[in-house]
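Below is one structure; the comments refer to it alone.
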Amino acid sequence: MVHLSSFLLKTYHGGHIVIRLAMAGHKQSNRPFYRIVAAYNKRARDSKYIEQLGSYDPLPNIYNEKLVSINSGRIKYWMGCGAHSTKPVAKLLGLAGFFPLHPMTVTETEFHRALAELAEEAAPEDGVKQQQL
Amino acid sequence: MFQVITRSTPVIRLLAPRGAVLVEAVRGRKTRTDPKAKSKEGRIKTPPPVDPVEMVVLRERFTEYDLIMRALRLEFKEEMLRKRYEEEVGSLAEERAKQEAEEHRSLMTWNQEENLRMLKIRELRVQKEVEAAEVKKTEAAILREQAMESFVKEKGEEIMRIQEEAKSFINLENLDQRIEEALDNPKNYNFAIDKDGRVVKRTVLQCRLLQT
């Protein structure tokens with residue numbers, strides 16, 4: 001059927017455009033896959049969006065990579081038009097280098113590093129203690 | 001149970017870490033009159049403890065981040081506006097407009113020529129049709145006149161025939177005479193006809209009579 005009306009007919013009062021992750025199809029599988037999407041704030045997460053700006057695959061592939069695609073030109077356009085971005089998208093783009101690094105990424109990495117150091121300190125101490133014993 | 005406050009007046013939150021969300025209590029599952037749960041009677045709600053060092057560090061990081069993000073947004077906006085301006089008013093746009101105008105003009109002239117050509121062809125065709133129609137008309141007129149003449153002639157002949165027949169009609173004067181004539185001469189219409197067309201005037205009875 002041919003839709004004669006425009007694609008996104010609904011008008012929103014006081015809504016804005018966001019760049020966010022939307023789950024892409026495949027509802028009955030244990031396999032999530034996200035699309036980086038420009039959509040109206042009020043819309044449901046997976047429903048009609050304005051434009052797709054990329055994708056993010058959270059499960060690592062055989063080379064242990066998580067693949068992300070970004071359409072930088074269009075993201076620039078939407079940011080220029082006044083679109084907001086959600087936290088996960090901001091973090092992703094910060095890691096990619098498009099945005100500055102998100103403070104929470106930095107804080108979390110510091111935290112993990114401190115934990116790892118503590119674990120390292122604990123492990124050789126145990127090893128030394130055992131040798132002493 | 002908790003709902004996020006949007007549109008609240010900007011409140012300076014000194015102790016709250018930057019990037020936190022203002023939350024207020026909202027009636028969820030239980031009504032105003034429902035008693036508190038037994039396990040929650042003596043509970044005193046305290047917010048999670050905040051590490052001041054961490055908070056300061058995070059605050060400054062977030063201010064820096066917000067600054068950079070704002071600057072980026074403005075840059076993107078400027079770039080978009082510039083691109084749009086270029087599209088509409090830039091040098092390339094002018095050239096494109098000129099080319100399109102030239103193309104339009106050439107197409108219009110071609111169209112005009114085509115129109116003239118078709119006009120000439122049409123005029124010739126129309127002329128021929130008009131002549132053919134005239135010829136047809138004259139022919140039809142001639143035929144009509146001929147038909148009229150023949151009709152008139154036929155009617156005249158019929159009149160003559162009837163006039164002649166009228167001489168032998170029965171009038172009031174001839175009536176007695178004709179009656180007597182008819183009574184004097186009885187006519188016999190009794191005859192048979194053969195397949196070959198031979199007329200036989202004698203009836204079966206007459207034949208038998210004649211035979212015997």
Side-chain angles (χ1 to χ4, degrees), chain A residues 12-20 36-38 40-45 50-51 53-54 70-115 117-118, chain B residues 2-24 26 47-90 92-93:
Chain A
Y12 292 98
H13 172 68
H16 53 271
I17 301 182
V18 286
I19 304 175
R20 63 184 181 196
I36 302 169
V37 133
Y40 281 114
N41 186 32
K42 302 272 178 89
R43 281 249 175 211
R45 185 194 65 184
I50 304 175
E51 192 183 346
L53 307 167
I70 294 174
N71 188 349
S72 47
R74 292 308 290 172
I75 290 182
K76 276 193 204 170
Y77 170 78
W78 283 113
M79 296 295 286
C81 285
H84 297 248
S85 60
T86 53
K87 243 203 293 186
V89 166
K91 285 188 179 169
L92 255 185
L93 291 174
L95 283 171
F98 198 71
F99 286 175
L101 252 192
H102 196 90
M104 291 316 289
T105 352
V106 177
T107 340
E108 274 169 27
T109 43
E110 283 174 358
F111 181 71
H112 286 311
R113 270 200 200 153
L115 270 182
E117 277 176 21
L118 276 174
Chain B
F2 292 113
Q3 211 182 51
V4 172
I5 294 182
T6 50
R7 303 231 196 127
S8 55
T9 52
V11 170
I12 302 168
R13 289 171 265 127
L14 285 169
L15 281 177
R18 216 48 171 84
V21 187
L22 191 61
V23 149
E24 69 169 11
V26 151
V50 177
D51 185 17
V53 176
E54 187 200 23
M55 200 196 77
V56 159
V57 163
L58 271 181
R59 204 60 185 300
E60 103 189 18
R61 280 185 190 164
F62 265 107
T63 41
E64 207 185 310
Y65 180 76
D66 285 337
L67 187 77
I68 300 175
M69 283 302 288
R70 253 180 285 138
L72 265 182
R73 255 184 239 275
L74 288 172
E75 272 198 36
F76 291 154
K77 188 166 183 177
E78 197 197 323
E79 198 185 321
M80 191 199 74
L81 287 172
R82 193 179 290 276
K83 263 194 209 170
R84 209 185 280 177
Y85 181 76
E86 285 281 324
E87 278 284 313
E88 287 169 15
V89 186
L92 282 173

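Since the model is a prediction, treat every value here as computed from it, not as a measurement.
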Considering all heavy atoms, the nearest Pro100(A)-Tyr65(B) contact
O-CE1, 3.4 Å
Can you tell me how far the CZ atom of Phe76(B) sits from the CH2 atom of Trp78(A), to the nearest 0.5 Å?
15.0 Å
Tell me, do Glu79(B) and Met79(A) make a side-chain contact under 4.5 Å, heavy atoms counted?
no
Is the count of non-hydrogen atoms from other residues, nucleotides or ligands lying under 6.0 Å from Lys83(B) atom NZ greater than 12?
no
Ranked by heavy-atom pairs below 4.5 Å to chain A, first place among Arg73(B), Glu54(B), Glu64(B) goes to Arg73(B)
If you compare all heavy atoms of Met80(B) against all heavy atoms of Gly80(A), which two are closest, and at what distance to 0.1 Å?
SD-C, 4.2 Å
Turns out that what part of Ile75(A) lies under 4.5 Å from chain B's heavy atoms comes down to neither
Would one find more than 12 heavy atoms of other residues, nucleotides or ligands at under 6.0 Å from atom CD of Glu110(A)?
yes
Side-chain donor or acceptor of Arg61(B) paired with backbone N/O of His102(A) under 3.5 Å:
no
Other residues, nucleotides, ligands: >12 heavy atoms within 6.0 Å of Arg84(B) CZ
no
Which answer fits Phe111(A), side chain, backbone, both or neither, if we ask what part of it has an atom under 4.5 Å from a heavy atom of chain B?
neither
